[in-house]
Amino acid sequence: MSSRTTLIGAALAMLVATATLAAACDDTSTAVKEPAPGTVDSGGGPGIDGAVPGLDGGQVGNDGGPGDCVMNPKTHEEIINGCTNAVKITKNPTLPLLLADGGLPPLP
Amino acid sequence: MQTTLRALTVGMAVCALCVCAARHAEAAPCASLGTQPIVYIENGDTQEPLVKRLGQKLLASASPVRLVYKNRRTCDLALDMYSATPMKNDAIAIKYIPSATEDPAWDPSKPAPSCDADAGGNAVDLGIGATYISSCTNLPAKPTDLSELTGPVQSYGFIVPKASSQIAITAQEGYFAYGFADATGMASPWVDQALRFSRGPTASTALTCAAAIGVKASQLKGTVPAGNTSTEVLNLVATSPTPEATIGLMGTEVYDQSRDKVKLLAFKGFGQRYAYFPDFSSTSFDKKNVRDGHYLPWAPTPYLARVNGVTGMANNPNVQRILSLVVSAKSEATVSGIDEVIASGLVPECAMGVQRPFDGANLSLYAPVEPCACYFDAKVAQGTTTCKTCTDNSTCGDGKCRRGYCEVR
């Protein structure tokens, strides 16, 4: 009985460890999403490093996908959007003063 | 009632004077602290952790040198160096590194004791700024004997109280929050100017953060604390009774020592798809995203010293010693410049993979001549590296064995 409990415990521990490893190795798991524009924009939900996908009901996005980042970046635009396994956070706030084309108005 | 109030006010004023006088009376002349040669430094307050760490090691070394320093804003200290203005006693305390004999309990996490400059002031031997000197608009032409060397990289960021729910800020949000007065920028939740803490326009923190959000430091619409110091911003943000609306600008190595008090927001620059922390995650210290270009508010620290026009070496040999340790990442028997730089939360040039020519400029790829990325990864707090350890080049393939690790070159 005792050894069966131990076996079950060990199996469970391995399962948890495997799941944790899989999550850690999955690039998309580090993405933290924020509510879609128009909803409450708190800068993201809890668990930013816990890599809990979809925890805050954020956008189901293309983060981490091949078309979402640049392999072997060379230019500034490519470097800042280069592929990485670092924690990344989606944030697209609603800013009423942004120009229609997404540009910035001059400072007052 | 009025008389009582007046008496109380006078009493408080007298007490304050007494405290000031007592404090001043306690400060010894810096020049008479000991027999060791002294290097007088003016440094950005973000560079104080490095000055303290390095100063302790230098004073305990076989050739002891005492560091006496004053925290100054980058463009102010640059002006002092350009104009050869001496370090004088004023509202900003002059501090020194105590020896183990003088204060056995002192370590770099503790405040440094104060001392007084000579009556006519003391020549500043070394200026350590914390952003591009080209961002300073207050400088005359650079004297020909003044050298500016590029030191380790310093990152900056936006801090909020622990109780804030915010975890990231975009450059556009920063532009509207800090570029517009009061609530007119409509960058919720940072719509209260009294709670948007900033630094004066000559401080590197203001210059580099402003550049990252597309404004000039002089255009920042925030609240500068009375003393215009990082410590004040830190405390004001940490203790704000209105956490959601509160935000401040901060050097990340100051933040790294205060992670229990505030949190640093991930930053999303113009044209960037995601926001990133300076480090791999909010809990690591590896400056991964600074080093590979995913985190944008950073600048190298300029070292200003008077040099020999022929040799290019600093006139003061003890300044040259510091430059070799910090700028060239050299090591002595008991002082490792690169280790102190890393432990202070800075990134040595040899661990950087990107560069930029001035504050807010676009990044380009950078390949250090003598890379130390593997060493940095291994030495930084909580660090690990997958690089191979080595004792010579024979096991490094196309790479090179440096500081015990196979680096790419």
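The model shown is predicted, which means the values in this text are computed figures rather than measured ones.
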I need the B:R273 CZ to A:D68 CG distance, nearest 0.5 Å. 6.0 Å
If you round to the nearest 0.5 Å, how far is CD1 of A:I79 from CZ of B:R356? 10.5 Å
Applying a strict 4.5 Å limit to non-hydrogen atoms, the region of B:Q219 in contact with chain A is side chain
Non-hydrogen atoms of chain B under 4.5 Å away: do they reach the side chain of A:P73, the backbone, both or neither? backbone
With only heavy atoms counted, which part of B:L296 is less than 4.5 Å from chain A, the side chain, the backbone, both or neither? side chain
Region of B:Y295 that comes under 4.5 Å of a non-hydrogen atom in chain A: neither
Check: A:T90 and B:Y274 side chains under 4.5 Å, non-hydrogen atoms: yes
Nearest 0.5 angstrom please: B:T170 OG1 to A:L95 CG, how far? 5.5 Å
CZ on B:F280 to OG1 on A:T84, rounded to 0.5 Å: 7.0 Å
What heavy-atom pair brings B:G179 and A:P108 nearest, and what distance separates the two atoms? O-CD, 3.9 Å
B:S164, part contacting chain A, at a heavy-atom distance under 4.5 Å: neither
Go through the atoms of B:A266 and report whether side chain, backbone, both or neither lie under 4.5 Å from a heavy atom of chain A. side chain
Looking at side-chain heavy atoms only, is the closest gap between A:K88 and B:H294 below 4.5 Å? no
Heavy-atom pair with the smallest gap, counting every atom of B:F180 and A:P106: CZ-O, 4.0 Å
In Å and rounded to the nearest 0.5 Å, what is the OG to CD1 distance from B:S281 to A:I89? 10.0 Å
Return yes when atom CG of B:D398 has more than 12 non-hydrogen atoms of other residues, nucleotides or ligands closer than 6.0 Å, and no otherwise. no
Are any non-hydrogen side-chain atoms of B:K288 and A:V87 less than 4.5 angstrom apart? no
For chain B, find its close neighbours in residues 97-104 of chain A: heavy-atom separation under 4.5 Å, sorted by number, or none. A:L97, A:L98, A:L104
Heavy atoms only: give me the nearest B:K268-A:K91 pair and the separation to one decimal. NZ-O, 2.8 Å
With a 4.5 Å heavy-atom cut-off, do B:Y276 and A:I80 have their side chains touching? no
So which part of B:N289 gets closer than 4.5 Å to some heavy atom of chain A, the side chain, the backbone, both or neither? side chain
Quick one: does B:F176's side chain get under 4.5 Å of A:P93's, heavy atoms only? no
Does B:K221 have more than 12 heavy atoms from other residues, nucleotides or ligands lying within 6.0 Å of its NZ? yes
